[in-house]
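Here the structure is laid out as structure tokens; the discussion comes afterwards.
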There are 2 protein chains.
Amino acid sequence: MTVTIGDVARHAGVARSTVSYVLSGNRPISEETRRRIEEAIRDLNFTPNAGARALKTAQTKVLGVFLQFHEDEFAPAMLQYLLAITSTARTYGYDILMVTDPSGEPALRRVTSSTMVDGVVLLDVTHSDARLNALREAKQPGVLIGLPGSPEGLDVFDLDFAESARVVIDHLWGLGHREIAVISPPLHVFERGGAYGWRFRDAAMERALGYGMRVSSHYGESQQPAVNRSLNAVLDARPDATALVVHNDASIAALPSVLRDRAVSVPEDMSVVSLYARDFARQFTLPYTAIDSAPDVLGQRAVTQLLRRIQNPQQAGSPAVHLIPPGLTVRGSTR
Amino acid sequence: MTVTIGDVARHAGVARSTVSYVLSGNRPISEETRRRIEEAIRDLNFTPNAGARALKTAQTKVLGVFLQFHEDEFAPAMLQYLLAITSTARTYGYDILMVTDPSGEPALRRVTSSTMVDGVVLLDVTHSDARLNALREAKQPGVLIGLPGSPEGLDVFDLDFAESARVVIDHLWGLGHREIAVISPPLHVFERGGAYGWRFRDAAMERALGYGMRVSSHYGESQQPAVNRSLNAVLDARPDATALVVHNDASIAALPSVLRDRAVSVPEDMSVVSLYARDFARQFTLPYTAIDSAPDVLGQRAVTQLLRRIQNPQQAGSPAVHLIPPGLTVRGSTR
DNA sequence: CTGAAAGCGCTTACAG
DNA sequence: CTGAAAGCGCTTACAG
């Protein structure tokens, strides 16, 4: 039923190898022969079997993307990463096997050891991520999006959250703010080992205290009505704060209505700075001054590096941590 | 470097076929032989090569999921579908190849004709979706999530949007509402052929007019600040409306703050009914009375049917359109 | 209960 | 410029 390279060869009156060389372009072929073969391919509507090719060449042209859905989490950002990863991969002729097993490590072992993919992208990497050992033992290269505690020997791409925090604090300090509140991701993100939470928070606190600012930090929430409740609790607890630093998508999305309820105007009564994906902001919140979390840049750079490591290992350099520098977009929510 | 079934056989002192039968369980094996082979597998850390197995068995154990990211669209719902699809597939031992090419049809042909997958799930299906022809010509079965104009010969799963609209209108009519406004998905969704938009709207209008209600419909927007602006325009245009039917995620997410700005209380001054995914509601909006769009149910049922068609074609029945009945969850935003 | 052989659909040295 | 052959790593009739 399925058309194979043998059918094409017979139809064109040539050897299977000749058809293969027409396909790959790895050998000069006479004009006449090429024409006949191309015609046969069209007539029979032939497409090479990817599995057979993979078996022979030991290349699947597939990248594995490993991610986890967390019950209690706000996930739209995940989609931004996926889009950047898939479209970059496709540019280079690679498809994406998306693996979402709750058990990250066994799934990673299963997929890599059965040679289903040529390389691996780990998303949502935590401080002591169990998948890292499996990745180090895999025969395929891998890249991480998200900085773990021990990144040795691995390519890592992440936003520079510490520097992001410093940029934000410097911005507020420069505008004259002396008392601020920082809203971090929810507690369960910290407990799970989501290092971006404390990397941002700790750097923000340190910088602010270094300036002599009064500063407090608070966990945000990920679900309503707790999101609103926690924001109100922060505002109640810090009546003299003049600026809010919000590092939590659910909170920043809820902030406009919470502030309105309290008759607090931005930036007149309160300055607000946040950190989120540009697209998230476009679709959702009011335009706050914010650091762009740049999932598109991270996804694109991670895949590019992974492909370099797959295709030109010697040119890929030593595995390294790549922290991309934060960009603050001023949108008028601070003064 | 890579361990093959031949290495295991040599190590255990048996034939490759015997190792294979231990793996598959397709033949009785003596206790002693099985023990030796299992030990060799463990010692050598052997995992069968998925590609070789696929080539021989003509089964990849991979499903293709085809989706498109639309520049201007609010996409979190997509993630709900993906989660349901991947986890259902994994339950049955299948992995997911996620394809996001903007050119849906060629991508579908490429993946199916090269035999990369055993079956296909199409997401975000439009009224006259170019991918349907490619799917009908594919050797693999496929299912759609989203009802197209011509679903003949294909398994389709979708929410019953027309019935959803009738349930919503009946609910409002029963509470005594006589003047309402319906907010649909953005115009570009209609232009692209997103049939769920007009299926819901047209049924709502028909039912409401049938009751003699005053009713108008409006396109929502997908990006701020247009979302807020359009909501305000609707409220300005319909000062006597007592209920809002909102079929648009971006609009319902923005509604709380818009209504607060206008000092409109729900449900005292205005009743609100919507249609969205339960998880979306949990994380985002205030709890509105709504039809659950049930991406989890749709994804799970679609994959289950697809696998039936792959594994037991004779038991899968004729391809059919499955519209799941809407469930209205009353949350106190209407009266 | 187990083995030797054929073959899935390709690619690529090896020959001419 | 082209062909015949080997082989990628499996599975499964065919034998015994």
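Just so we're on the same page: letters track the sequence lines, and every chain starts at 1.
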Does the structure show a Watson-Crick or G-U wobble partner for D:dA4, both distances under 3.5 Å? Name it, or say none. none
We want to know whether B:Thr33 and B:Ser30 form a side-chain donor-acceptor pair, criterion being a heavy-atom distance below 3.5 angstrom. yes
Might you point out which heavy atoms bring B:Arg36 and B:Val14 nearest each other, and give the distance in Å? NH2-CG1, 3.6 Å
Enter the distance from A:Leu323:CG to A:Asp158:CG here, rounded to the nearest 0.5 Å. 6.5 Å
Hunt down the Watson-Crick or G-U wobble partner of C:dA13, both distances under 3.5 Å, from any strand shown, or write none. none
Integer-rounded Å distance: D:dA4 P and A:Arg10 CZ: 13 Å
Starting at atom OH of B:Tyr21, determine the distance to atom C1' of D:dC14, rounded to an integer number of angstrom. 9 Å
So do B:Ile310 and B:Leu307 actually touch side chain to side chain, heavy atoms under 4.5 Å? yes
Using a cut-off of 4.0 Å on non-hydrogen atoms, how would the nucleic acid contact of A:Thr47 be classed: base, sugar-phosphate, or nothing? sugar-phosphate
A:Asn49 atom CG is separated from C:dG7 atom C1', nearest whole Å, by 14 Å
Ignoring hydrogens and angles, answer whether the base of D:dA5 and the side-chain atoms of A:Ser17 contain a donor-acceptor pair closer than 3.5 Å. no
NA contact type, B:Ser20, heavy-atom cut-off 4.0 Å: base, sugar-phosphate, or nothing? base
Rounded to the nearest Å, what distance is computed from the CG atom of residue A:Leu55 to the P atom of nucleotide D:dC8? 9 Å
So, OP1 or OP2 of D:dT11: does either fall under 4.0 Å of a side-chain N or O from B:Arg53? yes
Establish whether the base of C:dG7 is bridged to the side chain of B:Lys56 by a donor-acceptor pair shorter than 3.5 Å. yes
Identify the heavy atoms of A:Ala58 and A:Asp118 that sit nearest to each other, and give their distance. O-OD1, 4.5 Å
Testing C:dG3, D:dC10, D:dT12 for proximity to the side chain of B:Thr57, the answer is D:dT12
At their closest point, which heavy atom of A:Lys61 faces which heavy atom of A:Tyr92, and how far apart are they? NZ-O, 4.3 Å
Starting from P on D:dT11, measure out to CZ on B:Arg16 and report it in whole angstrom. 10 Å
A:Ala52 side-chain proximity, nearest of D:dC10, C:dG9, D:dT12: C:dG9
Starting from P on D:dT11, measure out to CG on B:Leu23 and report it in whole angstrom. 6 Å
Atom CD1 of A:Ile5 and atom P of C:dT12 are separated, to the nearest Å, by 11 Å
With no hydrogens and no angle check, do the side chains of B:Ser113 and B:Lys139 hold a donor and an acceptor under 3.5 Å apart? no
Which residues within residues 24-40 of chain A lie with some heavy atom under 4.0 Å of an atom in DNA chain C? A:Asn26, A:Arg27
